[in-house]
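First the structure, in the form of structure tokens, and then the observations on it.
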Amino acid sequence: MGKDIILYVVVPCYNEEEVLEITTKALNEKMQQLIKSNAISNESKVLYVNDGSKDNTWNLITEIHNQNNLFCGIKLSRNRGSQNALYAGLMVAKEYADITISIEADLQDDINVIDKMLEEYKNGAEIVYGVRSSRKQDTFFKRVTAGFFYKFMNFIGIEMIQNHSECRLMSKKALEGLEQFEETNLFLRGIIPQIGYKSAVAYYDRGKRMGGKTKFSLKKMINFAMEGIISFSIAPLRLISASGFLMAFISFIILICLLIMNVVNHAVSDLGFIITTIFLATGLQMLSLGIIGEYIGKINYEVKKRPRYIIEEKLL
Ligand code: UDP
Ligand code: MG
């Protein structure tokens, strides 16, 4: 049965000239082996998505495509971030493939996970989440921030698969499901569990980058975390109303206490207390406005219905 499964491996690439050759070699071996053992069809491909790289990445992709038609590529008109790049690749692949597997260009995800994923797909899963078995290879900073991120997301009720990066298998059916989500602000790790269908998990070891540096600056990481929270939860808004209620309740009690004290022994007013209270209240109001602003900002983007990406060139 495997012989008929057309697999497209989708790889977003942003300034990856240092690793692209190693990646291509490894993926080529893996794909040939899978095709030979009839695990996948010989029409299967690797699809590189050039996410507006500023280096030689697109030229390399073109060269690789010309040498070996197992590899194809699309070029986005500019850098749109890994989520949009991956989405673009998945939507293009959907037209040709029965299943897609997404992995990072730096091969941090052990590509042998592909075998396990295919196994799960054959057992009936429409989505297979790649989950890293440990975070040993990550920097201390990344480990701590990521751990905190998952805990927080869980706490405010956002369904996410722990330690799952963007490495996953999706069937055509699941991709068609994904296509129906129309939001512009993409947070795939949150959206994909919402698609539903039977899913499974495949464990793998996550290694070091094969070359080059991480393409995720702290700014991109913070944006990404914000995206996840704001796009999937109104918990921050609830927090505002809850703290507002608490503040009002406490001040009401204090007011009554002050009134009683005033009646009983003519208590004096405390200037410091008043100033602190004003600062506290102002701070809270500013914080609240800031959070509301975040949501309005998102709405502003969503109503524009801008395209998530524009494809400049296709090598298929
Ligand atoms: N990436 C991308 N656009 C971006 C940033 C990253 O397409 O704006 C790609 C990158 O080429 C890689 C994947 O997303 O294939 C993950 O990036 P990276 O390995 O730098 O992230 P990390 O593993 O450090 O989280
Ligand atoms: Mg990486």
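For ligands, and for the atoms within them, numbers begin at 1 and follow the listed sequence.
What sits closest to atom 1 (N) of ligand 1 on the protein, heavy atoms only, is S82 CB, 3.6 Å. Looking only at protein heavy atoms, the nearest one to atom 6 (C) of ligand 1 is K215 CB, 3.6 Å. Looking only at protein heavy atoms, the nearest one to atom 24 (O) of ligand 1 is T214 OG1, 2.5 Å. Considering only non-hydrogen protein atoms, atom 25 (O) of ligand 1 sits nearest to K142 NZ, 2.9 Å. Among protein heavy atoms, atom 18 (P) of ligand 1 sits closest to R209 NH2, 3.3 Å. Looking at atom 21 (O) of ligand 1, its nearest protein heavy atom turns out to be F216 CD1, 3.2 Å. Closest protein heavy atom to atom 23 (O) of ligand 1: Q108 OE1, 2.5 Å. In this structure, the protein non-hydrogen atom closest to atom 15 (O) of ligand 1 is P12 O, 2.7 Å.
Note: the hydrophobic cluster containing W58 also contains L20 (ILVMFWY, side chain heavy atoms under 4.5 Å, direct or indirect links). In the hydrophobic cluster analysis, where Ile, Leu, Val, Met, Phe, Trp and Tyr join through side-chain heavy atoms closer than 4.5 angstrom, F187 is grouped together with F152.
Within ligand 1, counting atoms from 1 as listed, the ones closer than 4.0 Å to a heavy atom of N79 are 3 (N), 4 (C), 8 (O). Annotation for ligand 1: atoms under 4.0 Å from non-hydrogen atoms of D51 are 2 (C), 3 (N), 4 (C), 7 (O), 8 (O).
Checked by atom type, the side-chain pair Y48/T23 shows no donor-acceptor distance below 3.5 Å. Side-chain contact check for K30 and N112: at least one donor-acceptor pair (N or O, by modelled atom type) lies under 3.5 Å. Side chains of E63 and N59: a donor-acceptor N/O pair is absent below 3.5 angstrom, by distance only. Side-chain polar atoms of T57 and N50 form no donor-acceptor pair below 3.5 angstrom.
Figure legend: cation-pi geometry between R132 and Y204 absent, as NZ or CZ is not positioned both under 6.0 Å from the six-membered ring centre and within 45° of its axis. A cation-pi geometry, defined here as NZ or CZ lying under 6.0 Å from the six-membered ring centre and within 45° of its normal, does not hold between K314 and Y96. For the pair K173 and Y197, the cation-pi test (distance below 6.0 Å, angle within 45°) is passed.
By the 4.0 Å heavy-atom criterion, Q83 is excluded from the residues contacting ligand 1.
For atom 10 (C) of ligand 1, the choice among K220, E166, E16, E104 with the nearest heavy atom turns out to be E16.
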CA sep, side-chain torsions, deciding dist, call: R168, E166, salt bridge (Lys or Arg N to Asp or Glu O under 4.0 Å): CA-CA 6 Å; R168 74 175 81 81; E166 298 300 343; 2.5 Å; yes
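Taking backbone and side-chain atoms together, T214 has no N/O/S atom less than 2.8 Å away from the Mg ion (ligand 2).
Between H65 and F71, the distance separating the two ring centers is not shorter than 6.0 angstrom.
Inclusion of A85 in the set of residues having an N or O under 3.5 Å from an N or O of ligand 1 is not warranted.
Contacts of C13 with ligand 1, taken as heavy-atom pairs under 4.0 Å, involve the backbone alone.
Restricting E104 to its N/O/S atoms, the shortest distance to the Mg ion (ligand 2) is reached by OE1. Within D106, the N, O or S atom at minimum distance from the Mg ion (ligand 2) carries the name OD2.
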